[in-house]
Structure formats: structure tokens, C-alpha cells
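Heads up: the structure comes next, in C-alpha cells.
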Amino acid sequence: MSVRVGVVGVGVMGADHARTIARVVSGGELVAVADFDSSVAAAVAAEMDARVCADGAALIADEDVDAVVIATRDDTHTDLVLAALAAGKPVMCEKPLAPTAEDCRRVISAQGALAAPVDLVTVGFMRRFDPSYVTLRDRVLSGDLGAPLMAHCVSRTVATSPGGDSASSVTNSAIHELDIVPWLLNSPIVEVSWQRGRSSVNSGTRQDPQLYLLRTASDVLVTVELFLNARYGYDTRCEVVMETGTSALTLPTHVVTDAERRRAVDYPADWILRYRDAYRIELQEWVDSLVEKRPSTLATAHDGLRAARVADALVESMHSAGGWVAV
């Protein structure tokens with residue numbers, strides 16, 4: 001059995017998903033794409049021998065499409081996911097599921113009304129499939145080094161896309177940490193504080209960098225630095241401090257160069273290069289679950305809601321002079 005997949009939104013992220021489904025994922029077949037920029041859709045479709053649909057609604061309604069990947073702008077996710085649910089089609093939505101917790105609840109309500117044997121909505125929190133994060137989680141949850149006490153996360157990118165504000169840094173970018181931290185520590189985030197210092201000259205209209213303090217139900221304090229205009233490379237770091245030791249992600253490189261009395265590593269330019277394996281494993285698991293008609297191990301709509309609730313609390317703290325806000 002082959003799952004015929006359509007991708008809505010084929011910019012950088014969506015085009016990479018389309019290529020992975022068409023060329024790498026077994027059991028999946030890319031049959032259609034759609035994008036608000038028809039020339040972009042046409043180019044991706046020609047590269048992958050797929051059809052172009054007029055828009056997302058047309059692709060979702062297409063009888064030749066069995067399942068849908070949504071990789072459009074955040075503010076379009078809710079309506080597109082609801083359309084997929086109305087059509088009874090499985091949908092993998094790139095993060096965030098929706099920009100606000102209220103919209104996530106609309107999706108969960110619509111999914112619940114279907115009473116389907118398996119949830120149709122999954123969310124693209126790909127770090128759950130990154131081999132380094134999986135190994136780190138296994139070490140933390142094993143208890144070999146005692147209970148987690150603190151964690152420190154850093155997420156830096158080369159540059160932001162044009163536009164956006166300080167709140168969108170939280171809802172669009174930091175949302176990854178807001179999902180991965182409770183997954184990593186097996187404990188939900190219950191309280192947050194948003195902090196700032198001096199902003200980069202490259203920050204545009206947003207505060208950049210930002211610092212978040214997160215407290216989990218197990219009383220682990222977590223620091224998160226988000227710096228979207230770090231310029232030097234795409235860099236994700238995470239260290240968990242435990243009773244008798246620490247565990248941390250290593251630099252995302254396989255080669256170290258020694259020359260002219262210096263040691264150097266190369267940083268990836270973007271998230272696709274850093275998380276290539278995670279995206280591949282995630283999409284394969286999604287397609288496998290559809291073929292086997294079973295629940296997938298991807299993040300659920302409820303996971304998307306939990307992350308959105310934390311994001312909403314951080315934005316509230318942002319507008320409350322950094323005060324602690326309960327989730």
C-alpha cells in the first residue's frame with residue numbers, strides 16, 4: 001500500500017518535506033503540491049513529477065490525495081487543519097499547530113467530534129526524532145545520574161525572516177523548546193518568566209536575543225536562550241544537570257579540523273541541515289502509521305496545545321515586565 005501525500009506550502013520547509021516523501025520515505029508517494037506562489041509550486045511539482053493544485057483547499061479536497069502535510073504560514077494552520085479534518089484526511093502540521101492555545105482547542109474539538117479510531121492530526125515537532133535528543137532523553141530518564149535538577153537550552157539561528165515581532169519569536173521559534181523540555185524531562189511546564197537584555201543591532205522589530213525561565217511540575221528550573229540573529233551558524237544546545245553528573249548534546253558535526261594552531265568545526269546554515277535525520281525519521285514514522293492504521297509516535301494535537309499554552313504564558317509575561325505567569 002502506498003500513501004498518496006499532498007504538501008500545502010512548498011517554501012523551504014515544505015519543499016524539503018516534499019523531496020523527502022518523494023525520494024526517501026518508503027510507502028509514501030508525493031502526488032500534489034500547493035503554494036500561494038504558483039511559480040514556486042510549479043517548480044517543486046516539476047522537480048518531483050507531482051501535480052499543482054490551485055490552493056490548499058483544492059489539494060485537501062483532491063480525491064487522489066490520501067494524507068496532507070501543512071507547511072504554510074503559522075496563521076493559516078488552523079483553517080487548513082480543520083479543512084483536512086472535515087475531509088477525513090490525516091494531516092501532519094508543521095509546528096506550531098496554531099498560533100494560540102484557543103485555536104489549538106478548536107482543532108482538538110473538531111478532531112474529537114469525528115470519533116475516529118485513530119487521531120488524524122499530528123504535529124511536526126521533529127526534535128523528538130533527532131537521534132541526539134533521543135539519546136539525551138534516554139540518559140536523563142534512566143536515572144543513572146540521579147534526578148534532573150536544572151536544564152540549560154540554547155537555540156540560535158543565522159538570521160530571521162523579514163518581519164515578525166518579539167511574540168512571534170516565542171510562538172514560531174521557541175515553540176520547539178516549549179515542546180521538547182517537558183518531553184525530555186517527562187514533566188510539564190507549569191510556570192514561566194520572559195526576560196530580556198540588550199537587543200542585537202540585527203534584531204529589526206523584535207527583541208533578540210530573549211531569555212526564558214521555565215519551571216516544570218517536578219521543580220526543575222530551565223533556562224532557554226533564543227537568539228535568532230546570531231549570524232555565526234545554526235546552533236542548538238541542551239544540557240541537563242542531574243544529581244551526580246550532566247548530559248548534553250554535542251556539536252552537530254562529524255568533522256573537526258586542526259590547522260594553523262587552531263581547532264575548528266563547521267556549523268550548519270539552517271535547521272534542515274541540522275535536523276535532516278529527524279525530519280526523515282519523523283516522516284517515515286508518520287507514513288508507516290498510516291499504512292499500518294495505528295497511532296503514530298509523532299506529537300499529538302494535545303501536545304500542540306500544551307506547547308501553545310506555555311507560549312501564551314510567555315507572551316503574557318513579556319507584557320508584564322517579566323513577571324512569573326502560571327501555565
Side-chain angles (χ1 to χ4, degrees), residues 1-37 40-41 43-45 47-98 107 111 118-129 172 175-176 179 271-272 275-291 295-301 303-304:
M1 174 185 172
S2 179
V3 178
R4 300 171 298 177
V5 179
V7 179
V8 183
V10 284
V12 175
M13 187 72 268
D16 189 70
H17 283 331
R19 293 185 184 100
T20 301
I21 292 166
R23 299 170 179 170
V24 180
V25 172
S26 62
E29 178 187 0
L30 181 73
V31 296
V33 300
D35 195 276
F36 76 93
D37 187 331
V40 169
V44 173
E47 178 187 345
M48 249 70 70
D49 194 25
R51 292 184 294 103
V52 176
C53 292
D55 53 28
L59 183 146
I60 291 167
D62 194 313
E63 293 183 355
D64 290 330
V65 172
D66 300 320
V68 181
V69 172
I70 294 173
T72 52
R73 276 195 337 262
D74 296 357
D75 60 352
T76 66
H77 288 186
T78 306
D79 288 342
L80 289 168
V81 172
L82 290 174
L85 287 173
K89 296 185 178 182
V91 54
M92 198 281 276
C93 181
E94 261 306 322
K95 60 78 195 167
L97 174 59
V107 169
Q111 178 169 253
V118 175
D119 285 350
L120 297 182
V121 180
T122 53
V123 185
F125 283 124
M126 82 295 180
R127 292 188 188 184
R128 294 174 175 226
F129 294 90
N172 178 265
I175 199 75
H176 276 301
D179 172 72
W271 65 94
I272 290 177
Y275 289 107
R276 184 171 300 282
D277 286 343
Y279 286 119
R280 171 183 54 79
I281 297 167
E282 176 186 56
L283 286 169
Q284 184 66 68
E285 163 61 12
W286 180 58
V287 169
D288 286 348
S289 72
L290 299 181
V291 171
S296 79
T297 58
L298 274 71
T300 66
D303 293 323

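Basis for what follows: all heavy atoms, side chains included, without hydrogens, waters or symmetry-related copies.
Under the side-chain hydrogen bond (donor to acceptor under 3.5 Å, both in side chains) criterion, Asp35 pairs with no residue at all, not counting sequence neighbours. Asp288 meets the salt bridge (charged side-chain N to carboxylate O under 4.0 Å, His left out) test with no other residue; sequence neighbours excluded. When the ring pair (Phe, Tyr, Trp, His ring centres under 6.0 Å) test is applied to Tyr279, the partners found at least two apart in sequence or on another chain are His17. Take Glu29 and apply the side-chain hydrogen bond (donor to acceptor under 3.5 Å, both in side chains) test, not counting sequence neighbours, and it matches no residue.
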Inset, instruction - Mind running side-chain contact (heavy atoms from CB on, under 4.5 Å) on Arg127 and Asp179 for me, showing each step along the way? - result: CA-CA 9 Å; Arg127 292 188 188 184; Asp179 172 72; over 6 Å; no
Legend entry - Step-by-step salt bridge (Lys or Arg N to Asp or Glu O under 4.0 Å) determination, Asp16 to Arg19: CA-CA 5 Å; Asp16 189 70; Arg19 293 185 184 100; 5.2 Å; no
Inset, instruction - Give the C-alpha distance, both sets of side-chain angles, the deciding distance and a yes or no for side-chain contact (heavy atoms from CB on, under 4.5 Å) between Met92 and Leu290. - result: CA-CA 11 Å; Met92 198 281 276; Leu290 299 181; over 6 Å; no
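Here the straight-line distance linking atom CG of Leu283 with atom CE of Met126 works out to 11.5 Å at 0.5 Å rounding. Put simply, OH on Tyr275 and CD1 on Ile281 are 13.0 Å apart, with the number rounded to the nearest 0.5 Å. Rounded to the nearest 0.5 angstrom, Asn172 CG and Asp74 CG are separated by 4.5 Å.
Using modelled atom types, one side-chain atom of Lys89 and one backbone atom of Ile60 make a donor-acceptor pair closer than 3.5 Å. The backbone N or O of Leu298 lies less than 3.5 Å from no partner atom in the side chain of Glu282, so there is not a single donor-acceptor pair. A distance-only check finds a donor-acceptor pair linking the side chain of Glu285 to the backbone of Thr297 [under 3.5 Å].
Scanning all heavy atoms of the two residues, the minimum distance from Val33 to Ala45 falls at CG2-CB, 3.8 Å. Across all non-hydrogen atoms, the minimal contact from Gln284 to Val25 is OE1-CA, 3.3 Å. Nearest heavy atom pair, residue Ala22 against residue Met48, reads CB-CG, 3.3 Å. The minimum heavy-atom distance between Gly28 and Val287, with the atom names listed, is N-CG1, 3.8 Å. Listed here is the closest heavy atom pair of Ala34 and Ala41: C-CB, 4.4 Å. Minimum heavy-atom separation, Val91 to Trp286: C-CZ2, 4.2 Å.
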When the side chains of residues 76-86 are checked against the rest of the protein, which donor-acceptor pairs come out under 3.5 Å, sequence neighbours left out?
| from | atom 1 | to | atom 2 | distance (Å) |
| --- | --- | --- | --- | --- |
| Thr76 | OG1 | Thr72 | OG1 | 2.5 |
| Thr76 | OG1 | Arg73 | O | 2.7 |
| His77 | ND1 | Glu94 | O | 3.4 |
| His77 | ND1 | Pro96 | O | 2.6 |
| His77 | NE2 | Thr72 | O | 2.8 |

Compile the donor-acceptor pairs under 3.5 Å between side chains in residues 2-13 and protein atoms, sequence neighbours left out, one pair per line.
| from | atom 1 | to | atom 2 | distance (Å) |
| --- | --- | --- | --- | --- |
| Arg4 | NE | Asp64 | O | 3.2 |
| Arg4 | NE | Asp66 | OD1 | 3.4 |
| Arg4 | NE | Asp66 | OD2 | 3.0 |
| Arg4 | NH2 | Asp66 | OD1 | 2.9 |

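Side-chain contact between Thr300 and Gln111: absent, with no pair of heavy atoms (C-beta onward) separated by less than 4.5 Å.
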